[in-house]
Each structure stands twice: as structure tokens, then as C-alpha cells.
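The next block holds one structure in the form of C-alpha cells; read it before the comments.
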Amino acid sequence: MTSYAPSTTATSPTLRPDSAHSKISPVPTGISTLSNGVNGAITTSQAIAERIQIVDEQKQFNTHLGQQIDKWGLQDVGFAYNIVAVFGSQSTGKSTLLNRLFGTTFDVMDESRRQQTTKGIWMCRAQTAPLLVMDVEGTDGRERGEDQDFERKSALFSLASSEVLIVNLWEHQVGLYQGANMGLLKTVFEVNLGLFGKREDQTQRTLLLFVIRDHIGSTPLANLQATLTQDMNRIWDNLAKPPGLTAARLDDYFDMAFETLPHKILMPDKFESSVLDLRKRFTGESGTETYFRPAYHKRIPADGVSHYMEGIWEQVQSNKDLDLPTQQELLAQFRCDEIGAAALAVFNEEIRGVRKPVEAGNVVEGLGAMMATWKETALASYDHAASRYHAAVYQKKRSDLVNTIHTTLHPIFYSQLKNLSKLTLARFKKALADALKGDAGYDFADVVSKAREAGLQGWEASTVEMLRVVDERGGDWYGGWEEEKSLLLTELGHVADVFRKDETTKMVNQIERALRQQLADPVDVALNKPGADMWDRVLSSFNELLGAAESGYLTKAASFNCTEEENNQALETLRRRAWTALLNKTKEHTADAALLAKLRASFEERFRYDENDVPRVWKPEDDIDGIFKKAKDQTLELIAIYAKIAPIDASLIPDNIPSDSDLPPALAAGSTDEFDFGASLVLLSEPKQLDITSRFRRDADAYYVEAKRSTVSSVAQIPYWMYGVLVVLGWNEAMLVLFNPLYFAALLGLLGAAWVIVQLNLVGPLFNASFLLGSENTFRNRWIRLPHDSLD
């Protein structure tokens, strides 16, 4: 048996109930009086103490359970609650035990009369935790006598609804069959396995807690535990298990735990102490691990417990195996219809989880095997129960059941077939994408062939596997199989064409990028060294690189199975993009700023440097005018060279560059203006050449003026002896100024003005203004004497 390992759950302290009740035992000590910690609302002690009969003696379910759960403050706690139920013989102290453990207010037996106290199934909330407690009517009571129907159904309901089922029995009942309710447990286990054994969550379990009452200690708990464990395993092994669960074990569905309590009357103190310790295992007080584990929880929110239990009770009520009828005299027609409907209901329930994903477009792996299993299970269930009835009726109803099953499976089959085609296309695309990644060499045709073959093999294997389910009438299902396969092959061909075009485009783009990079250096070198053969050098490099690029494309495209037309279009696109890349590069060099910089550099090289590349130092005797005119004329000739792509060797101009009208719309350039190869040879229009010429001349004239001005600085300075002559000759005038009051006052005024200018830092501005004024006059006089041809 699986070992029991309880988990810890958080408790929610609540208010103490009112214990003033004539038949209710006192509330046990240690139960705190606090507010409900679940949602912050205050739950009164009176509401906590209220109990409700959820199933009465006439087997009617109380639909007001949901309202009572709301009063208990558990409506909004979600999954933060637990359910525990008690099961056992009548008058064994079950209600007393629950009241002591959880502070509930269930009626207890009047020991002087020893008659039935709990009728039906009752529920109350525990005081110290969000815990719902069910008190179930005792078994083997004299009031019901031999009517064991309610015992079976209430026991099955408790087992199916609760997380922990307390099996309450006396020590002396251990080892007995009827006294320990082993017979009832066997019936309940058997029906529970049939009703709930095939649930999807096989991890959900229930804890059977055997509370052995009036334990005096003569028989150790370990021995009692071993006896009960053997009994439980024995009755489980003898169960009539449904198909598919024959190998199920007790510990697949149940855990077992064992506790003992001393005699309540003979040892009251020990009894209360043991009850207090047991209570902690339910409420988690003082950090004690509880019996409740996530695997025990039914995963029903608290606000849905009422509907859930009502559904469980209805299912328990409608189960015919629990009725144990004494007569089996049913007509074959009625029973076969009923058995077939039951088998079909199970079949429909099984396919429900697959129908939605298939209809949503998903491929369910192993669907053929699942369909075959569903069909075989339904027919086996029908055969097992209906084969003992009239043979003719049995066979006819079986044929109807097979037709119904096939009709149900037919839409699922075709939906799966469509989904498989979509999945095959997706996998084919992915296989091509993965194989074509990277720059490694590959054979495109081989890649497409392998991916198509792998996709078709998977598709055919899945469809053939699904067709096995209809061997009895398979001819009706094969009609559209070949048509679907033909459509799939067509779609695979379209996908391959798209990939081939994409790969061709990608290859052209890669070659174009490489060509653009290779063109950059030779074009820069040629255009930065202008001359008559400049365009010859540019076009020679272009034609050489373009030829290599075309050859590389044809080599790589050999494995693409491209048509001649597709190759021609790709080559035209490559040539056009290569020429566009060359034009863009040349336009960078012939932009206004770039071209003027080249012209200035060329002029400066001719004007400022001599034939030996030595910088010129201008002297008055140099022929500045002649050198200036020659350098300017030679530089102006370069504008015409830059203005148009016109090599000396006209054969270098490519004759296979297509215009926009020669390309398909998808391959044509995205420019708004139509591209014309002849017009693209002209880089600078006539107005642009005139503008560049005018701007260059202004720059050249500035160089000329600068050269002329530099000759002035070469004039010799005044000799120093001249200053001595000036002193001797001007001595009388100086004496006149010093000894004449008027002149002396003027001199003082001038000296004062000079002092003020110095103090105000105006010496520099006055000097610059005087220098500029003198320079303007000098420049005007020299401009008048310039040669006439220098002003063109």
C-alpha cells in the first residue's frame, strides 16, 4: 500500500458556535473565537453552528446547500476548503466524534434509549478551519432493517464527495466482516470503480482514515492496522472490476491511515487528549501536518460544491447496479437498446476530448488507434451485456450500433485528413527552410525531393492507420482519399515553386551585395584621379565584376531546375541592379560638394605646385596670370568629363542593361521614374555644369587674389639708419611742440586719448579697422590693373 504522507494546509479561524442545544455536546475546548480569515468578513458563531440536512430520509437532495455554504463564509474561497465525512455502524458515536473534533453541532444519541439519531446525510462547517463535515446515517440500523439501498448510496456518495472518509469502528469489530462493514465497503468500492474509475485525472485519490474507538491497548495499533489492511486488500482483490481496470490496485485510488481513541467513559481524560491531537491533524493547529493532500481535493470551487454534490447524488441514485434487483425479467429489445445506448454514451464521452481539437484544425497523433479502441470498447461492452438475450435481436442491434459508430467517426476522419494535409504542408515548408539555411552548398532539387517524399510517407501512414477502423465497410471511406492526395501533391508543388523563387531572389541579392562591395574601391580610385581615360577604367572594372557575378549565378542556379525564362529574368535583374549600384556610386562623386572639392584639389595642384611638385613661393617677377589661366582651363575641362559616362573605348559601355520596360513588374526597380539606360549615362545636365563652372571660378579667383597679395609682403623694409636721420631732421619741430603751449596741449590730448584706448582694450579693433580699410583701397587699385582675360 502506498505510504501516507500528509501535507500542511492553512487554517482559517472562525467564531465559536452556540453550544446551547439540548442534544448537542459541548464545544470542545481550544477552539478559538475569531473572524473568518478568508475574505475578511465576520462570520457569526450562530451561522457557523448551523447545520443542514443535504439528503433526507426519502433520498431527496437539498438544493439550498449553496445558500448555507454562503452563510458559512466559504462562497468565495475558491479551492481553499476541504471536505471530510464519517462512515460506520449506527450508534458507534460518529456524531459525538465529529462534534469533539470540529466543534460541529450534530445531534448525538441519547445513550439511555440507543436509537437512531442521524437520519439521512447532514453537513456542518468546522469551527477552526474552512472545512465541511458530513455526518452520514449509520449502517446496520434496526430502523431500516434489510433495506440496504440507502446505506449503499449514502456510503458511495460520501466516498465520491469527500477527501477524507473517516471509518468509525470499535476495537472489537476489527476482524469482523459485517461488524466492520466490509461487505458494504466491497459493494461501494465496486460501484465507485465502475462509476468513477475511468476519470481523466488518475492522480486523484481518497484517504480512508480508520478511527478505532474504545482502544484499551491490549492489541497494539500495528496489529490492528495489519488486520484491517489485509481485509481491505482481500475485498479489493475480489471486486468485479470493469474492463480496462482489471489490474487496478487499492492504492491506485485510496490511501489508508489508522488512529485509535481510548474509551470515552472509562478514560475521559485520555479520550479528550487523543481527540485534541487528532483534531490538529485536520486543522493544522500549531503547525501540525494535516491529513489533506492536493491529490485528495476534488478541485471543485467552493461556490460549485452544491451543484457538484447534487450531480454526484443523481448519478448514485440512477445507477442500476446499486438497486440489486431480484428479478432480471426484461425484454431483449428493451435491454439491448438500453445497453447499446449506454455503450454509445461511453463512446461519445471518449471521443468528446478529441473531436474539438480535430475540428479546430489540430492533428491528433494515433487517432486511428484511438478510434479503433473506442469502437472495440463500445462493442465489447455491448457484447458482454447483450449477448445473453435473443440472438436475432442482439445481432440486429449490434449492426445498428456499428453503423452509428461509423457515422460518428466519419466527420472526424475527414477533418483529420484535412488537418494532416495542412500539417504535411507546414512540415514540408519547415524542412525546406531548415535545409536551405546558411551558405553551405546544397542541391535544391534534391532537397525538395527528399522533403516531399518524407511528407507523403507520413501522410499516407497516418491515413492508412485511420482507415483500419472501418474494415467492415471501408469502401465508403476511400472515395476522397486519392483526391485529397492529388490536392496535396499540387500544394507541395506550389510551395516548392515559391521556395525556388525566394532562393533565386536571395541568391541575386547576395551576388548584388558582393558586387556592390567589389565595385566600391576601383570606382573610388578612378574617380578620384580624373583624366581622359577615367571612364575606361571604371567600365573595365564594372564589366569584369559583372561577368564574374553572372557566371556565379548560373553555377548556383544549376540545381534549382529554373526555366530559361526565369534565368534570363534573374540575370536581367542582376545587370540592372549592378548598373544602378554603379550609378549611385558615381553620383556620390559628382554631387555638388564632392565635385567642387575634386575641382579645387585639381586646380590647387596645378596652380600652387610646379612641375616637380614643389610648392610655389610667389615673387613679383613670376607670371602669375599665365599660370592661373592655364590651371583654370585644365580644371574646367574635367567638368565635361565628369558630366557623362563616355569612355574613349565605346565598346566598354554595356549593351545588356535592361530598362524598366524590359523587366516584369515584380522585378522592375521600385522608382517612380521609368529607368532608361541611355539617359542614365548623363550625370550632369547643362544647367548643372554651368552652375558648377561658375562656383569653381569664384573659388579659383580667390586663389589668384591670395597669390597676388602674397607678393606685397616681399617688399624690403625701411633701413634702421633712416630713423636716425628722422630724429636729426625733426629735432626743431619736436622742440617747437614741447615749448609751444597750444601744441603741447594737443600732444597731451592725443596722449590721453591713447591712454583711454589702451585702458578700454580698443587698440586691436582700431588696428583691424585701419588694416581692412587700407586693404580695401589697395585691392581696388590692383583689381583695376588685372588683365582682361582673367575676368572671364
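Computed from a predicted model, the values in this text were never measured in an experiment. Basis for what follows: all heavy atoms, side chains included, without hydrogens, waters or symmetry-related copies.
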Inset, instruction - Nearest 0.5 Å please: distance from the OG1 atom of Thr408 over to the CG atom of Asn403. - result: 10.5 Å

Inset, instruction - Check whether any side-chain heavy atom of Phe157 sits under 4.5 Å from a side-chain heavy atom of Phe61, and report yes or no. - result: yes

Legend entry - Side chain Arg398, main chain Leu379, donor-acceptor under 3.5 Å: no

Inset, instruction - Working to the nearest 0.5 Å, report the span between NZ of Lys397 and OG1 of Thr404. - result: 10.0 Å

Inset, instruction - Rounded to the nearest 0.5 Å, what's the gap from CD on Gln67 to CD on Gln75? Could you check? - result: 9.5 Å

Legend entry - Least distance between heavy atoms, Phe106 atom then Asn99 atom: O-ND2, 2.8 Å

Inset, instruction - Check the pair Arg234, Asp237 against salt bridge (Lys or Arg N to Asp or Glu O under 4.0 Å), reporting the backbone distance first and the verdict last. - result: CA-CA 5 Å; Arg234 184 181 301 109; Asp237 293 338; over 6 Å; no

Legend entry - Contact check, side chains of Trp72 and Leu132, non-hydrogen atoms, under 4.5 Å: yes

Legend entry - Smallest separation among heavy atoms of Ala378 and Ala343, with atom names: O-CB, 3.6 Å

Legend entry - Note, Met256 side chain near Leu250 side chain (heavy atom, < 4.5 Å): yes

Inset, instruction - For the residue pair Tyr296 and Asn82, confirm or rule out a side-chain donor-acceptor distance under 3.5 Å. - result: no

Inset, instruction - Find out whether the Lys NZ or Arg CZ of Arg51 is both under 6.0 angstrom from the six-membered ring centre of Trp122 and within 45° of the ring's axis. - result: yes

Legend entry - Side-chain (Asp252) to main-chain (Arg249) donor-acceptor, under 3.5 angstrom: yes

Inset, instruction - Compare all side-chain heavy atoms of Met309 with those of Ile83 and state whether any distance is below 4.5 angstrom. - result: yes

Legend entry - Close side-chain approach of Asp251 and Arg205, heavy atoms under 4.5 Å: yes

Inset, instruction - Have a look at Tyr291 and tell me which of Val84, Leu278, Asp255 forms a side chain to side chain contact (heavy atoms under 4.5 Å, CB included) with it. - result: Leu278

Inset, instruction - Measure the shortest side-chain to side-chain distance between Gln68 and Arg125 over non-hydrogen atoms and say whether it is less than 4.5 angstrom. - result: no

Legend entry - Steps toward salt bridge (Lys or Arg N to Asp or Glu O under 4.0 Å) verdict (Asp135, Lys94): CA-CA 7 Å; Asp135 189 10; Lys94 300 187 302 300; 5.4 Å; no

Inset, instruction - On the 0 to 90° scale, with breaks at 30° and 60°, tag the Tyr253-Trp236 ring pair as parallel, tilted or perpendicular. - result: tilted

Legend entry - Euclidean distance, Met371 CE relative to His406 NE2, rounded to 0.5 Å: 9.5 Å

Inset, instruction - Heavy atoms only: give me the nearest Arg281-Glu259 pair and the separation to one decimal. - result: NH1-OE2, 3.9 Å

Inset, instruction - Report yes if the side chains of Leu159 and Phe87 come closer than 4.5 Å at any heavy-atom pair, otherwise no. - result: no

Legend entry - Thr260 side chain to Ile212 backbone, donor-acceptor under 3.5 Å: no

